[in-house]
Amino acid sequence: MSLYPLKFKPILKEKLWGGTKLKDVLNKPIESDITGESWELSGVYGDISEVSNGDLAGTSLQHLMNEQGEALLGKSVEERFGSEFPILIKFIDAKQDLSIQLHPNDELAKERHNSFGKTEMWYIMDADPGAKLIVGFNKDVDKQEYIKSIEEGTLTDLMNYEEVGEGDTFFINTGKIHAICAGVLLAEIQQTSDVTYRVFDFNRRNKDGNLRELHTCLAVDAIDYEKKDDFKIDYPKLPDTVNPMVDCPYFKTNFMELAQPLKQNVTDRDSFTIYMCVGGEATINNDWGSASIKKGETVLVAASSSYIDIDTQGTKLLEVTI
């Protein structure tokens with residue numbers, strides 16, 4: 001099987017808090033005014049990505065993994081994760097604040113939901129003036145103080161708010177309470193998991209007039225109550241090279257701002273490589289072919305590639321491996 005650079009059909013998700021930036025800024029094929037997420041590369045059951053380019057168009061990611069596991073994923077990745085694609089790639093548009101939420105760690109997620117936990121990172125692509133994120137607490141709290149704030153509706157008084165702009169990057173480890181706030185468009189890289197504990201939703205009602213479900217009891221034992229300043233990533237931005245951003249047990253992400261072509265020998269990488277284009281455009285080449293990529297698009301390059309050449313005159317990329 002010729003594993004040329006692969007593009008996938010976006011899986012579009014309407015959300016109560018979604019808007020139109022996925023269409024207006026990233027040119028996603030949407031008609032709704034409340035599309036909040038574009039799942040770019042997904043192995044989540046029920047939302048498996050499908051190839052959109054070349055001879056393999058129409059083939060599911062799951063079929064590719066079943067047929068070409070080691071060649072696609074890398075030997076070490078296949079040994080660790082088997083036939084499950086280990087990360088989920090999204091673009092998110094928040095026209096309104098998302099709920100305040102958190103994600104359980106691997107142990108709790110496995111025990112309660114037979115799922116991976118959900119460690120994630122965000123790269124801010126666009127932000128309205130004054131737009132913010134909620135990341136963690138603004139002081140150390142204990143379980144009793146947290147529960148009291150939930151009962152009294154004062155949780156937001158305990159939250160840490162971070163004003164954001166393009167290029168800001170945040171690492172959200174499991175247990176950290178957080179929310180994307182109105183006016184933010186971002187790229188998200190996360191473990192393959194859709195387990196979220198929603199703890200406060202600003203008393204909003206869905207299209208049927210009902211309050212959305214909260215997961216108050218599940219969240220209590222999953223929260224990290226300590227105030228920590230470990231979330232904002234200070235990364236190098238040197239031109240025409242690979243700049244490390246995040247290196248955690250679940251994924252590694254690099255930032256690349258290229259004004260000229262870049263060639264990489266990846267013979268020893270032993271992992272697939274994902275490129276998320278967050279600016280400009282490029283052509284991604286490997287041993288078997290090429291794929292164009294522009295802002296708002298994603299390409300998967302097989303682990304069996306011996307080289308990756310990026311042909312561009314101007315692009316910003318997030319490079320993701322395991």
Side-chain angles (χ1 to χ4, degrees), residues 1-10 39-43 48-81 83-89 91 187 189 192 239-245 247 251-322:
M1 186 180 292
S2 175
L3 291 175
Y4 54 87
L6 299 167
K7 300 174 74 170
F8 294 83
K9 298 177 182 178
W39 289 23
E40 297 290 296
L41 189 51
S42 168
I48 305 292
S49 291
E50 186 178 289
V51 177
S52 64
N53 68 320
D55 293 341
L56 294 172
T59 305
S60 75
L61 176 61
Q62 190 64 60
H63 180 79
L64 288 175
M65 289 190 293
N66 293 343
E67 294 294 317
Q68 297 286 325
E70 182 177 329
L72 181 70
L73 302 175
K75 182 178 180 180
S76 63
V77 176
E78 185 182 40
E79 288 176 348
R80 182 177 172 191
F81 296 101
S83 60
E84 293 187 75
F85 197 73
I87 56 178
L88 174 58
I89 300 292
F91 293 113
I189 299 154
T192 291
D240 298 313
T241 191
V242 178
N243 297 284
M245 300 176 85
D247 186 346
F251 53 81
K252 300 175 183 178
T253 305
N254 300 316
F255 176 74
M256 306 161 75
E257 183 168 6
L258 307 177
Q260 59 187 7
L262 180 72
K263 299 180 182 294
Q264 298 186 84
N265 183 326
V266 295
T267 307
D268 298 327
R269 181 164 285 180
D270 196 26
S271 167
F272 59 83
T273 304
I274 298 167
Y275 291 100
M276 300 184 78
C277 187
V278 294
E281 58 186 78
T283 300
I284 310 296
N285 307 279
N286 75 346
D287 307 60
W288 302 282
S290 64
S292 62
I293 189 172
K294 60 185 178 181
K295 185 176 181 179
E297 294 186 334
T298 302
V299 167
L300 172 66
V301 183
S304 53
S305 306
S306 65
Y307 70 89
I308 301 173
D309 290 351
I310 303 171
D311 186 14
T312 185
Q313 294 181 337
T315 192
K316 293 181 181 179
L317 300 172
L318 303 182
E319 180 185 67
V320 185
T321 60
I322 298 294

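This one's a predicted model, so the numbers in the text were calculated from it and none came from an experiment.
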Check: [X] side chain, [Y] main-chain N or O, donor-acceptor pair, under 3.5 Å:
X    : Y    : result
E84  : F81  : no
S42  : S49  : no
N254 : V242 : no
T283 : A291 : no
K7   : S292 : yes

Are [X] and [Y] close enough that some pair of their side-chain heavy atoms sits under 4.5 Å apart?
X    : Y    : value
N265 : Y307 : no
I322 : P86  : yes
F85  : M65  : yes
L300 : L72  : yes
L3   : S305 : no
T298 : F8   : no

| task | Could you point out which residue of E40, M276, M245 forms a side chain to side chain contact (heavy atoms under 4.5 Å, CB included) with I189? | result |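 Option passing the side chain to side chain contact (heavy atoms under 4.5 Å, CB included) with I189: M276.
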| note | Here the pair of heavy atoms bringing A259 nearest to D240 is N-OD1, 2.7 Å
Measuring from [X]:[atom1] to [Y]:[atom2], what's the distance to the nearest 0.5 Å?
X    : Y    : atom1 : atom2 : value
C277 : E297 : SG    : CD    : 7.5 Å
T273 : I308 : OG1   : CD1   : 4.0 Å
I48  : L64  : CD1   : CG    : 11.5 Å
I89  : Y275 : CD1   : OH    : 13.0 Å
M256 : T312 : CE    : OG1   : 10.0 Å
L317 : I274 : CG    : CD1   : 13.0 Å

| said: Within the supplied structure, the quantity of interest is the number of heavy atoms (other residues, nucleotides, ligands) at a distance under 6.0 Å from N66 CG; does it exceed 12? | reply: yes
